[in-house]
Amino acid sequence: MNSHHHPSSQILLQYSAGQLDGVHRLMVEMHQQMCPTCQHVVAELESMGGTILENDIKPTALTDSAFSQLMNHIDQQDDQLQSTPANNIDSNDSQQLSLKLQELYKTQQSDDLNWQWRTKKFAEIKLSANDDIYEAKLIYIKKGMKVPRHTHKGQEITLVMKGAFRDELGVYEKGDYITRDGHHEHQPIAESDCICLAITTDELKFTGTFGPVLNWFMK
Ligand SMILES: [Zn+2]
């Protein structure tokens with residue numbers, strides 16, 4: 001199955017140059033597993049050795065990321081002393097989190113995870129993404145569930161891990177990578193039991209009839 005929704009060329013460029021970290025990097029990686037087109041583009045970019053990058057993209061603050069890597073490393077050593085339940089996907093250890101997400105993507109087994117059920121058809125798990133820019137969540141929407149209409153204050157990037165959902169702009173299946181921001185208002189509906197990995201820079205803003213109530217409720 002080929003994906004129909006891809007990361008932008010800018011994101012693929014950043015990925016190839018090793019400028020994406022954490023959950024976002026993993027999302028591009030998992031997208032590629034389903035997408036020969038992006039695999040090909042990334043291979044081309046990597047073979048260019050990132051030479052075009054120096055002029056095009058401002059390097060990210062390397063010192064900051066080196067610092068947070070060091071802190072992560074120290075955190076990990078602390079975490080090893082605490083035992084984590086097997087079904088707890090929300091690991092503080094970014095490597096372990098990444099392995100668990102990849103396992104979910106591969107096996108499609110999700111029932112034993114530590115879902116926080118918000119309604120009968122909607123659950124989520126907040127992930128410790130250790131990321132300065134994005135908040136990360138796993139979202140479970142059961143077949144037929146309509147997510148209240150909303151737009152985005154910041155950017156929202158979604159990777160479909162399992163099942164499918166649709167909105168006014170299309171149908172999204174496993175491996176699809178979807179970018180939305182304040183220009184898009186949509187109401188996602190689950191076509192089948194659907195799990196998405198989503199990263200956001202800011203809160204959603206609900207716009208439907210119950211918008212004001214939901215905006216207050218989600219704070
Ligand atoms: Zn692609």
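Both ligands and their constituent atoms are indexed starting at 1 by order of listing.
- Of the listed residues (L26, V23, L159), just one forms a side chain to side chain contact (heavy atoms under 4.5 Å, CB included) with I199, and that residue is V23.
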Inset, instruction - Could you give me the CA-CA distance, side-chain angles and deciding distance for Q33 and Y105, then say whether side chain to side chain donor-acceptor pair (under 3.5 Å) is met? - result: CA-CA 10 Å; Q33 290 171 16; Y105 196 58; 5.4 Å; no

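- The aromatic rings of W117 and W115 lie tilted to each other, with the angle between the two planes from 30° to 60°.
- A salt bridge links R180 to D167: at least one charged side-chain nitrogen sits closer than 4.0 Å to a carboxylate oxygen.
- Under the rule for a side chain to side chain contact (heavy atoms under 4.5 Å, CB included), the partners of Q187 that lie at least two apart in sequence or sit in another chain are K146, R149, E168.
- Protein atoms of type N, O or S found under 2.8 Å from the Zn ion (ligand 1) total 4.
- Between Y172 and H5, the angle of the ring planes lies from 30° to 60°, which puts this pair in the tilted group.
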